[in-house]
Amino acid sequence: MKNYDHREIESAWQKRWDDAHLFEVDNTPSTREKAYILDMFPYPSGAGLHVGHLLNYTGSDILARFERMRGKDVLHPMGWDAFGLPAENYAVKTNVHPAISTEKNTLEYKRQFKQVGTSYDWTKEINTSSPEYYRWTQWCFAFLYKKGLAYRKDGLVNWCPKDQTVLANEQVVGGKCDRCGSEVVQRSLRQWYFKITDYADRLIADLDDLDWPEKIKSMQRNWIGRSEGAALWFAIDGSEEKVEVFTTRADTLFGATYLVVAPEHPLVTILTSDIQEAAVAAYIEETSRKTELERTFTDREKTGVFTGAYAINPATGEKIPVWVADYVLSNYGTGAIMAVPAHDERDYAFAQKFNLPIVRVLGDDSDELPLTSKGVLSNSGVYTGKDSEAAMKDIVASVGGERRVTYRIRDWLVSRQRFWGAPIPIAYDEEGAEYLVPDSELPITLPMNVDFSPTGKSPLVSALEWKQYRPDGENGPTLTRETDTLDGFVCSSWYFLRFPTPHDDTQPFDQTALKKWFPVDTYIGGAEHAVMHLLYARFLTKVFFDAKLVPFHEPFKTLKNQGMILGPDHNKMSKSKGNVINPDDVIAEFGADSLRAYEMFMGPFDQEKPWNTTGIVGVRRFMEKVWKLQEKVGSTKAGPDELRAIHFATKKVTEDIQGCRFNTAVSTLMELVNTLSQQETIQKDTFATLLKLLSPIAPHITEELWSLIGQDGFCSVAAWPTYDEAYLVVSEVSYPVQINGKVRANITVSSTATEDEVRAAAEANPTIQSYLKDQEIRKVVVIPGKIISYALNS
RNA sequence: GCCGCGGUGGUGGAAUGGUAUACACGAAGGACUUAAAAUCCUUUGCCUUCGGGCUUGCGGGUUCGAGUCCCGCCCGCGGUACCA
């Protein structure tokens, strides 16, 4: 027997798979079942992959290989989410064009992917930064523009001072730039948006049918933030103006003792009296200097200024002051609220500080204020004594209000002041009127010679020649191209549609191919994309569905999140901590099969767990045991123990892989190998079945052994084994005997024994007899095949 | 605060309401070896007067039987937050 040399085996089989085009599929309709197993495609960074990234790709590869062996057509593609800031920043530093560094990085990623034995169909490879691809990203923008779902507007936007670009709300995490961690500031700019708010209701409702982690679904629900309430209008005393407020607690209207408008509210200047003008102006100025982070710091003291104006509470007819304060957000609801200090914590704190009246309209004096729960109304005119929830509708109607739903989610800001992204297919005339570049002229390619120095504007602003656009040729007017590029998340919100037909130059995606493959059966990636990519992708899919361009309204049926792999020190892997494990090193020492199996064996797929350098040793020992088992192949007939072991393992591994319980699939195989190792000989069929069960997890060693024992073809595409329950039954079964909940003895009876026979056998046992002596049996429970339990009266 | 997830040996973890601690790492002892590595074997939750007793974050409950189900807490992780 040769030694197990992973170095020799692994690269050889990778080459044979390639040469045989083993994992390539086409889009021809088939009667066979299909499986689309997809990874969230990576951004090819200069740092390369570490072992944490491979967890995700190994999991999906096991699923793909498993489904393939089960006879399905499997689409398992890989591509590159290649537009992005790091490549551009690298270009600023080194003057290497992003296209060049990206190309280099993708080749390195591809090498690493092949080295771990992934079974991707590389004929489907896509790269979002190639004109062949981003032509259709531009087409997507144009499509939304034509549908009225892409528009440009002025407004306050999030600006990252370090990355020198605007950001979508989803990319601001805790007031900081999701990418670089800088504190985000607000700027007033004219930017491009996608109207995701039109789809808010459906994006919430359709979550119910998705097989996704509850965590992700709840994050999306919270992010969209649907809130049912009412719009109410407050007349301004001595003016024609009305202030529209949004409230979810119209039941407390009788307790509204003042109004608050946001500092950015358009009516502020009109409302402000001459006397208060200076104070209000100073306050607005002060607010505008605060960062978003400062403003969302909830436990800071409330600030605000009286405008000098009074509104009329439409329920009580009383004059109530109008204040301006930054605890009211301009971009939620109507940017104005009715303040009910008795029943809202924030209003209460504000009223306390500025000595504003507090009027109780719920509960009685025994309830401490602020009382924020609903209940029985008090001090509320004809509604006094009624249930607040029930009275809400009538109160709204009585003052001419309107029931309304608002959302927390904002439209998706898609323009970026950066170079390395898809140019927006828009041009402007001298008056600034928009002109959509026709689809026939796409792609608008990025110029090669550009000054990347950050200026706060897109580097494309300096591409003078590129910017000029003459739609009607030399004689027509010269327009100016949009110099902002599209958010990288636009590229990644439709890429899964492109995989079946990556090189189609007539359309972005193909109906027939989509019908064959969609929806994605299993999508694997990190939870950090919960309210970004996963929301945007659902949105775009729905847009295309409505236009009958795709035959499904949700792209990803099942979603799995992989857990993070921490460094051996239990910290997040990072260069600065020096705890990064490089897969190249692990593969060189232990082999790709051991790396794959160890990553799966570490613990539940979706759980965070630390890398343990000595832990992989056990998995490598397991591979050696499998290797040695080839010497035991020889017996012509498998005994009952062997048959039971292999059929049990087949059942367990099949179920575990289906449920992404890869850790227990590996331990089941370890138990099987331990059992088989103890036998003198094993049947060839048994060994072949073991190899097939192990193949998705450790594809190289199994392929080599498959060939060594003289099996035909590739183990990687051999038919997945089936099991027969008949082999799982045992002739004798051991029963623990419990007395008052404690196990006192074990008895062995025939597996066909009746309950009475089990009980008779238990009571024949001397230990049990001694426990039962002189005792009154209250109850006996026999669970067939499991346990017998006595409850005594004592 | 709100939402989601979790708490089991020295470590990673296993367990359709049915013998808690599978599988693996580590550790200890032994075999082989001149020696070491590798390999193989044994032991390995805690306490014990060696009869047994205790043990899945804490306290209750349901049940013949609870890591698992119910109620009330504590702790950790992740997300989110002046969202009216």
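Everything numeric here is computed off the predicted structure, so don't read it as measured data. Below, chain A is the first sequence line, B the second, and so on; all start at residue 1.
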Letter by letter from the 5' end, nucleotides 16-28 of chain B scores (B base, S sugar-phosphate only, - none; protein heavy atoms under 4.0 Å) B-BB--BBSSS--

Salt-bridge present (A:Glu301, A:Lys353; N to O < 4.0 Å):
yes

Check residues 597-606 of chain A and write down every donor-acceptor pair under 3.5 Å in which the side-chain atom is one partner and the other belongs to a residue at least two apart or another chain.
| residue | atom | partner | partner atom | Å |
| --- | --- | --- | --- | --- |
| A:Tyr598 | OH | A:Asn612 | N | 3.3 |
| A:Tyr598 | OH | A:Asn612 | O | 3.3 |
| A:Glu599 | OE1 | A:Leu55 | N | 3.0 |

In whole angstrom, give the distance that lies between atom CE of A:Met602 and atom C1' of B:A14.
16 Å

Would you tabulate the pairs of protein nitrogen or oxygen atoms and nucleotide nitrogen or oxygen atoms of nucleotides 58-61 of chain B closer than 3.5 angstrom?
none

Quick one: list whatever passes side-chain hydrogen bond (donor to acceptor under 3.5 Å, both in side chains) with A:Lys609, sequence neighbours left out.
none

Within 45° cone and under 6.0 Å: A:Lys302 NZ/CZ vs A:Phe350 ring
no

Side chain to side chain contact (heavy atoms under 4.5 Å, CB included) partners for A:Arg7, two or more places apart
A:Asp5

Integer-rounded Å distance: B:G79 C1' and A:Glu214 CD
14 Å

Would you kindly give the CG-to-P distance between A:Asp606 and B:G4, to the nearest whole Å?
17 Å

For A:Pro213, which contact category applies under a 4.0 Å heavy-atom criterion: base, sugar-phosphate, or nothing?
nothing

Identify, with sequence neighbours excluded, every residue that meets side-chain hydrogen bond (donor to acceptor under 3.5 Å, both in side chains) alongside A:Lys374.
A:Glu389

Gap in Å between the two P atoms, one belonging to B:A27 and one to B:A36, rounded
16 Å

Sequence neighbours excluded, which residues qualify as side chain to side chain contact (heavy atoms under 4.5 Å, CB included) partners of A:Ala762?
A:Val737, A:Ile747, A:Ile788, A:Tyr790

Check A:Glu214 with A:Arg221, please: is the shortest side-chain N to carboxylate O separation under 4.0 Å?
yes

Identify, with sequence neighbours excluded, every residue that meets side chain to side chain contact (heavy atoms under 4.5 Å, CB included) alongside A:Ser751.
A:Val733

Contact class for A:Gln607 vs. all strands (heavy atom < 4.0 Å): base, sugar-phosphate, or nothing?
sugar-phosphate

How far does the P atom of B:A14 sit from the matching atom of B:C69, given to the nearest Å?
16 Å

Can you tell me the distance, in whole Å, between the CG atom of A:Asn222 and the P atom of B:C5?
13 Å

For A:Lys302 and B:C82, what is the distance between atoms NZ and C1' respectively, to the nearest whole Å?
5 Å

As a test of the definition: with a 90° window around 0 for syn, would you call B:G60 syn or anti?
anti

Taking only side-chain N and O atoms of A:Arg408, does any of them lie within less than 4.0 angstrom of OP1 or OP2 on B:A81?
yes

Salt bridge flag under 4.0 Å for residues A:Arg759 and A:Glu755
no

If you look at every strand shown and take non-hydrogen atoms under 4.0 Å, does A:Val173 touch a base, only sugar-phosphate, or nothing?
sugar-phosphate

Between A:Arg360 and A:His343, is any side-chain donor less than 3.5 angstrom from a side-chain acceptor?
no

For RNA chain B, produce a single dot-bracket line, 5' to 3'. Pairs: Watson-Crick or G-U wobble, both distances under 3.5 Å. Symbols: ( ) within strand, [ ] crossing, | other strand, . unpaired.
(((((((..(((.....[....)))((((((.......))))))(((....)))..(((((..]....))))))))))))....

Residues A:Glu671, A:Lys652; criterion salt bridge (Lys or Arg N to Asp or Glu O under 4.0 Å); working and verdict
CA-CA 11 Å; A:Glu671 285 176 283; A:Lys652 185 79 165 55; over 6 Å; no

P atom, B:G17 versus B:U68: distance in rounded Å?
11 Å

Considering only nitrogen or oxygen atoms on both sides, find all protein atoms under 3.5 Å from nucleotides 49-54 of chain B and state each distance.
none

Do A:Asp411 and A:Thr197 have side-chain N/O donor and acceptor atoms under 3.5 Å apart?
yes

Within this structure, what is the OH-to-C1' distance between A:Tyr327 and B:A81, rounded to whole angstrom?
16 Å

Please check the phosphate of B:G4 (OP1 and OP2 only) for any side-chain N or O of A:Lys215 closer than 4.0 Å.
no

Just to verify, what does A:Lys625 make a side-chain hydrogen bond (donor to acceptor under 3.5 Å, both in side chains) with, not counting sequence neighbours?
A:Asn674

B:G9 to B:U56 separation - C1' atoms, rounded to the nearest Å
10 Å

Parallel, tilted or perpendicular: which fits the ring planes of A:His529 and A:Phe489, with parallel below 30° and perpendicular above 60°?
perpendicular

Can you tell me, in whole Å, how much space there is between the C1' of B:C50 and that of B:G6?
39 Å

Separation of the C1' atoms in B:A37 and B:C47, to the nearest angstrom
39 Å

Integer angstrom distance from the C1' of B:G10 to that of B:U43:
15 Å

Between B:G12 (C1') and A:Glu599 (CD): distance, integer Å
14 Å

Considering only the C1' atoms, how many Å lie between B:G57 and B:C5, rounded to the nearest integer?
16 Å

Taking NZ, NE, NH1 and NH2 as the nitrogens, is one of them in A:Lys628 or A:Glu624 under 4.0 Å from a carboxylate oxygen of the other?
no

For residues 563-570 of chain A, which residues have at least one heavy atom under 4.0 Å from RNA chain B?
none

Quick check: on RNA chain B, is the nucleotide nearest A:Glu608 upstream (toward 5') of the one nearest A:Lys779, or the reverse? Name the residue that is more 5'.
A:Glu608

With no hydrogens and no angle check, just 3.5 Å: does a side-chain donor-acceptor pair link A:Tyr327 and A:Asp347?
yes

So that I can tick it off, tell me whether A:Glu725 and A:Lys651 are bridged by a salt bridge, with the cut-off set at under 4.0 angstrom between side-chain N and carboxylate O.
yes

Tell me the interatomic distance from A:Lys217, atom NZ, to B:G79, atom C1', rounded to whole angstroms.
17 Å

What form does the base of B:G78 take, syn (within 90° of 0) or anti?
anti

